[in-house]
Undergrad: 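Below: one structure in structure tokens.
Because the structure is a prediction, the values reported are computed rather than measured. In this chain, numbering begins with 1 at the start of the sequence shown.
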Amino acid sequence: MDYLSEIEGKQAHDPMFLEKMKESSSSSSSCLCVPGPVIVGAGPSGLATAACLKEKGVPSVILERSNCIASLWQLKTYDRLRLHLPKQFCELPLMGFPTGFPTYPSKQQFVDYLEAYARKFDIKPRFNETVSQAEYDPTLGFWRVTSVGVKGKEMEYVCRWLVVATGENAEAMMPEMEGMGEFSGDIRHTSLYKSGEEFREKRVLVVGCGNSGMEVCLDLCNHNARPSLVVRDTVHVLPQEMLGTSTFGLSMWLLKWFPLRLVDRFLLIVSWLMLGDTARFGLARPHLGPLQLKNLSGKTPVLDVGTLAKIKSGDIKVRPSIKSLKRHAVEFVNGTTENFDAIILATGYKSNVPSWLKEKVMFSEKDGYPRRPFPNGWKGEYGLYAVGFTKRGLLGTSMDAIRIAEDIQRCWKEEAKHRLAFTNSLLHQSSSL
């Protein structure tokens with residue numbers, strides 16, 4: 001099926017369409033009509049969607065602002081990172097991990113897997129193209145996607161379907177703190193942290209007690225730094241494995257047989273037996289159970305990989321929220337003040353969709369997530385789709401990618417039938433003349 005012929009048909013019979021295309025060509029240096037979907041983002045979400053589409057015979061174009069696939073993993077993660085869930089819950093559709101990979105693959109092993117995935121399905125993103133705007137044009141009946149290259153050259157893509165695959169972690173979240181400009185030490189987000197080696201013997205304050213914050217603290221300890229951890233809220237800390245299997249896998253199995261509240265109760269009892277009362281060490285638990293909290297807010301429980309033992313031993317100090325920063329020190333809300341050489345912000349990421357997608361129905365302008373909750377947030381209007389916004393990691397990504405490919409393939413086939421019928425009708429009319 002060739003959408004170029006559809007556009008040509010509209011140009012021949014619709015003067016307004018022709019005028020729109022003239023406006024496009026005059027305002028943009030280049031314009032390309034894409035026969036299949038345009039996918040924004042070449043992370044795991046974009047790759048999975050492109051592979052599922054290709055398997056169904058639907059071509060696609062991926063636009064990626066960085067110079068590589070999975071730029072978050074390759075460029076913005078720390079060296080010791082491993083998948084927090086077993087590999088069987090993190091594989092993309094149509095291709096599993098190599099059998100020789102460990103249960104929890106390393107950062108480099110996961111990147112190697114993604115690169116092999118792209119090679120297998122012959123996925124070749126257009127790198128160094130930052131999407132500045134995407135908007136549905138009702139006159140054309142197509143999406144118009146504008147990207148900016150490294151030298152500022154603009155390119156416009158006209159497509160029937162648009163897949164938003166920029167995900168939940170597009171931009172680092174940098175909190176505002178009183179005195180940030182006064183602090184003389186290093187302040188950086190975890191996206192710029194690689195290893196504790198450069199902080200050896202230094203006093204480091206890590207802000208944020210999610211999986212990244214806890215693991216950065218452990219990494220700092222292993223490099224003989226002196227870390228402290230700011231815990232601003234309640235948090236569920238669970239062992240990475242229970243009863244000889246992964247906590248996540250065990251939870252998924254239990255949910256097949258028992259209600260969520262009973263599974264939560266089981267997880268908390270076993271965690272208490274294995275880890276003790278975490279509140280004694282400054283890590284108070286929320287009132288809601290870990291699975292219920294995840295379903296309601298998307299907040300992921302921390303899977304402990306050794307950090308809690310360092311907190312218990314005193315190698316990692318737990319501190320309350322920050323009140324303000326001084327030149328060489330940090331003042332906390334409990335009135336205490338301590339000196340620090342550096343601050344690492346493990347404060348997470350956010351979606352950047354509202355900054356470039358000119359659409360207000362499917363995506364929330366407030367947080368850049370689909371307004372409809374999982375599992376119904378993957379499809380919008382006029383051929384708009386979202387992948388990787390489920391707050392359920394790579395498992396949610398795979399589910400979205402499969403659904404999107406099936407839906408686009410159905411439209412692809414239906415429109416191909418209409419075009420074939422139209423072509424046959426024209427041929428019949430011409431033969432009758």
Undergrad: In the structure I gave you, are the side-chain heavy atoms of Ile69 and Glu64 within less than 4.5 Å of one another anywhere?
TA: no
Undergrad: I'd like to know if the side chain of Asp264 reaches the main chain of Leu291, judged simply by a donor and an acceptor atom lying under 3.5 Å from each other, with no hydrogens or angles considered.
TA: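 Checked: pair present.
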Undergrad: Set out, in order, the CA-CA distance, both residues' side-chain angles and the distance that settles ring pair (Phe, Tyr, Trp, His ring centres under 6.0 Å) for Phe363 and Phe389, then state yes or no.
TA: CA-CA 10 Å; Phe363 282 88; Phe389 293 87; 5.5 Å; yes
Undergrad: Taking all non-hydrogen atoms of both residues into account, name the closest pair between Trp412 and Gly36 and its distance.
TA: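 Looking at all heavy atoms of both residues, the closest pair is CZ3-CA, 4.0 Å.
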Undergrad: Atom CD1 in Ile408, atom CD1 in Ile404: separation rounded to 0.5 Å?
TA: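 Ile408 atom CD1 to Ile404 atom CD1 measures 6.5 Å (nearest 0.5 Å).
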Undergrad: Say you draw a straight line from CD1 of Ile322 to CZ of Arg232; how long is it, rounded to the nearest 0.5 Å?
TA: 8.0 Å
Undergrad: Would you say Ile39 and Leu53 make side-chain contact, with heavy atoms under 4.5 Å?
TA: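 Counting from C-beta outward, Ile39 and Leu53 do come under 4.5 Å.
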Undergrad: With side chains defined as the heavy atoms from C-beta onward, is the minimum distance between Arg285 and Thr234 less than 4.5 Å?
TA: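 No. Closest side-chain heavy atoms not under 4.5 Å.
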Undergrad: Starting at CZ of Phe97, measure out to CG of Asp112 and round the result to the nearest 0.5 Å.
TA: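 Answer for the CZ-CG pair, Phe97 versus Asp112, is 10.5 Å.
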Undergrad: Between Asn295 and Arg392, is the side-chain hydrogen bond (donor to acceptor under 3.5 Å, both in side chains) condition met? List the steps.
TA: CA-CA 9 Å; Asn295 281 349; Arg392 283 161 175 77; 3.2 Å; yes
Undergrad: Quick one: does any side-chain atom of Asp367 pair with a main-chain N or O of Ser351 as donor and acceptor, under 3.5 Å?
TA: no
Undergrad: Between Ser45 and Thr397, is a side-chain hydrogen bond (donor to acceptor under 3.5 Å, both in side chains) present by the stated rule, with each step listed?
TA: CA-CA 6 Å; Ser45 298; Thr397 286; 3.3 Å; yes
Undergrad: Within a 6.0 Å radius of atom OH on Tyr382, are there more than 12 heavy atoms belonging to other residues, nucleotides or ligands?
TA: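 No.
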Undergrad: Less than 4.0 angstrom from a charged side-chain N to a carboxylate O is my criterion; do Lys107 and Glu215 meet it?
TA: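 Between Glu215 and Lys107 there is no salt bridge, as every charged N stays at least 4.0 Å from the carboxylate O atoms.
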Undergrad: For Glu178, I'd like to know if atom CD has over 12 heavy atoms of other residues, nucleotides or ligands within 6.0 Å.
TA: no
Undergrad: Working to the nearest 0.5 angstrom, can you tell me the gap between Leu83 CG and Leu303 CG?
TA: 12.0 Å
Undergrad: Decide if atom NZ of Lys312 counts as having more than 12 heavy atoms of other residues, nucleotides or ligands within a radius under 6.0 Å.
TA: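 Yes, NZ of Lys312 has more than 12 neighbouring heavy atoms, counting only those of other groups under 6.0 Å.
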Undergrad: Using a 4.5 Å cut-off on heavy atoms from C-beta on, say whether the side chain of Pro93 contacts that of Glu55.
TA: no
Undergrad: Let me know which of Arg65, Lys350, Lys76 forms a salt bridge (charged side-chain N to carboxylate O under 4.0 Å, His left out) with Glu171.
TA: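 Of the listed residues Arg65, Lys350, Lys76, the salt bridge (charged side-chain N to carboxylate O under 4.0 Å, His left out) partner of Glu171 is Arg65.
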Undergrad: Are more than 12 heavy atoms, taken from residues, nucleotides or ligands other than Lys358, located less than 6.0 Å from that residue's NZ atom?
TA: yes
Undergrad: Taking C-beta and beyond as the side chain, do Asp304 and Pro239 meet within less than 4.5 Å on heavy atoms?
TA: no
Undergrad: Could you tell me if the side chain of Asp137 sits less than 4.5 Å from the side chain of Glu135, heavy atoms only?
TA: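 No, side chains not in contact.
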Undergrad: Could you name each residue pair satisfying ring pair (Phe, Tyr, Trp, His ring centres under 6.0 Å) that touches residues 35-94, not counting sequence neighbours?
TA: Trp73-Phe110, Phe89-Phe248
Undergrad: Could you tell me which residues satisfy salt bridge (charged side-chain N to carboxylate O under 4.0 Å, His left out) with Arg410, sequence neighbours excluded, listed by chain and number?
TA: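 Testing Arg410 for salt bridge (charged side-chain N to carboxylate O under 4.0 Å, His left out), a comparison that skips the adjacent residues, returns Asp407, Glu414.
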Undergrad: If only atom types and distance count, is the side chain of Glu168 paired as donor or acceptor with the main-chain N or O of Thr390 below 3.5 Å?
TA: yes
Undergrad: Under 4.5 Å between any side-chain heavy atoms of Trp356 and Val164, yes or no?
TA: yes
Undergrad: Looking at side-chain heavy atoms only, is the closest gap between Val235 and Thr278 below 4.5 Å?
TA: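 No. Closest side-chain heavy atoms not under 4.5 Å.
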